[in-house]
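First comes the structure, then the notes that go with it.
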Amino acid sequence: MAKEIPDLVAEARVGTGKGAARQIRREGKVPGIVYGDNKDPLPVAFNFNELLTKLRAGRFLSRLWNLKVEGQEDVRVICRDVQKDVVKDLPIHVDFMRLRRTSKVNLFIPVEFVGHDDCPGLRKGGTIVTVRSEVELIVTAGDIPEQITVDLSGLQIGDGVHIEDVKLPAGAKPTIDRNFVIANIAAPSALKSSDDEESGEADAPKEESAEEAAEE
């Protein structure tokens, strides 16, 4: 579990609309809005470079932030949308939702694989085929997990890991109501190629000899 909620510093801004947003961007900032918790929306602006650094660090949309705005009480928020320039792929607007520690929220949580050395399938040359590198979970805002852990110990070639095989953090549950696959242990490519060739030879039609053709 995350032990500390990182700070995210912003400043309140005056004015909304496209004209005001363009002016904010000319000043080297990124406009944003904070909404939710039955309170009025709060227009804010972020330092462009600081925001970009946090975005590139990863997990920006699945992390709980402590939003600090001068003149306002700190509030826990989670990012709900990052709009980017279609050409430069840089942030031009961000939306945040206020949360309480007890609020429930849907988030994509990264999957971490452990137990590689104790996986017979991998020792035999198999490979991990990751079906889901992230799993969408319903979690409590005050207890957002850094990742969910998938143990590969004991898995053979051909085995798979389903969501019901994974011990989820307390209070978390999947948004999908079925036992979906997270990963498989696949056979080595050389072995699969050999099997395919043997299968092809077995299925190939037998050619007739000249004598057999003549008899017909």
Side-chain angles (χ1 to χ4, degrees), residues 1-112 132-149 168-177:
M1 296 293 179
K3 296 181 179 180
E4 183 178 348
I5 301 174
D7 289 337
L8 186 64
V9 179
E11 62 181 61
R13 62 184 173 95
V14 178
T16 56
K18 294 183 178 179
R22 282 195 293 266
Q23 178 59 38
I24 289 292
R25 295 185 191 106
R26 283 195 290 268
E27 296 173 2
K29 301 172 184 176
V30 180
I33 194 78
V34 183
Y35 62 89
D37 199 21
N38 297 318
K39 297 178 181 178
D40 292 335
L42 174 66
V44 293
F46 300 89
N47 177 280
F48 176 85
N49 290 327
E50 292 179 2
L51 181 65
L52 186 61
T53 297
K54 287 181 168 59
L55 283 169
R56 288 177 172 173
R59 296 199 66 235
F60 190 84
L61 274 72
S62 60
R63 188 182 297 276
L64 187 65
W65 298 96
N66 180 51
L67 183 66
K68 303 179 75 70
V69 179
E70 186 175 356
Q72 305 273 345
E73 290 186 3
D74 291 2
V75 60
R76 290 181 176 85
V77 298
I78 195 162
C79 184
R80 274 319 196 190
D81 186 48
V82 178
Q83 298 174 34
K84 295 184 178 181
D85 183 283
V86 294
V87 176
K88 299 179 180 179
D89 195 36
L90 296 174
I92 58 175
H93 193 277
V94 285
D95 295 350
F96 287 89
M97 184 173 69
R98 300 183 185 95
L99 293 175
R100 299 175 182 175
R101 285 190 61 86
T102 56
S103 299
K104 295 289 186 179
V105 61
N106 293 12
L107 292 178
F108 283 93
I109 306 299
V111 175
E112 178 189 41
R132 294 175 186 266
S133 59
E134 296 180 319
V135 175
E136 189 177 18
L137 301 177
I138 302 172
V139 298
T140 305
D143 294 302
I144 298 175
E146 290 288 339
Q147 70 273 320
I148 63 172
T149 302
L168 296 177
K173 66 176 184 178
T175 58
I176 301 175
D177 189 22

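The shortest heavy-atom contact between Val69 and Ala12 is CG1-N, 3.6 Å. Heavy-atom minimum distance, Ile5 versus Asn66: CG2-N, 3.4 Å. The two residues Thr140 and Gly171 make their nearest non-hydrogen contact at OG1-O, 4.5 Å.
More than 12 non-hydrogen atoms from other residues, nucleotides or ligands lie less than 6.0 angstrom from CZ of Arg26. Annotation for Arg80: atom CZ counts as buried by contact number, over 12 foreign heavy atoms lying within 6.0 Å. With a 6.0 Å radius and a threshold of 12 heavy atoms from other residues, nucleotides or ligands, Lys104 has its NZ atom above the threshold.
Between Phe96 and Phe60, the ring planes are perpendicular. Angles over 60° get that label, and only those under 30° would be called parallel.
A donor-acceptor pair under 3.5 Å is formed between the side chain of Arg13 and the backbone N or O of Gly32.
Side-chain atoms of Val9 and Asn47, non-hydrogen and from C-beta on, never get closer than 4.5 Å to each other. Between Lys39 and Val75, the closest side-chain pair of non-hydrogen atoms is not below 4.5 Å. Looking only at side-chain heavy atoms (C-beta outward), Glu112 and Glu146 stay at 4.5 Å or farther from each other. Looking at Pro145 and Val139, their side chains come closer than 4.5 Å, going by heavy atoms from C-beta outward. Looking at heavy atoms from C-beta onward, Phe48 lies out of side-chain contact with Lys29 at the 4.5 angstrom threshold. Leu168 is listed as a side-chain neighbour of Pro174, based on a closest heavy-atom distance under 4.5 Å. Contact annotation: the side chain of Ile144 never approaches that of Arg63 to less than 4.5 Å [non-hydrogen atoms, C-beta and beyond]. At a threshold of 4.5 Å between non-hydrogen side-chain atoms, the residues Leu8 and Phe46 count as touching.
In this structure, Glu70 CD and Gln72 CD are separated by 10.0 Å, a value rounded to the nearest 0.5 Å. One finds the CZ atom of Arg76 at 6.5 Å from the CG atom of Leu64 (value rounded to the nearest 0.5 Å). Expressed to the nearest 0.5 Å, how far SG of Cys79 lies from CG of Leu51 amounts to 8.0 Å. Expressed to the nearest 0.5 Å, how far CD1 of Ile138 lies from CG of Leu107 amounts to 10.5 Å. If you take CG on Asp95 and CE on Met97, they are separated by 11.0 Å, rounding to the nearest 0.5 Å. Tyr35 contributes atom OH, which lies 10.5 Å from atom CZ of Arg98 (distance to the nearest 0.5 angstrom).
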Given side-chain contact (heavy atoms from CB on, under 4.5 Å), test His93 with Ile33 step by step and report yes or no.
CA-CA 8 Å; His93 193 277; Ile33 194 78; 4.1 Å; yes

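Exactly one residue among Val105, Ile109, Asn106 makes a side chain to side chain contact (heavy atoms under 4.5 Å, CB included) with Leu137. That residue is Ile109. Partner Lys88 forms a side chain to side chain contact (heavy atoms under 4.5 Å, CB included) with one of Ile92, Leu90, Val86 and no other, that one being Leu90.
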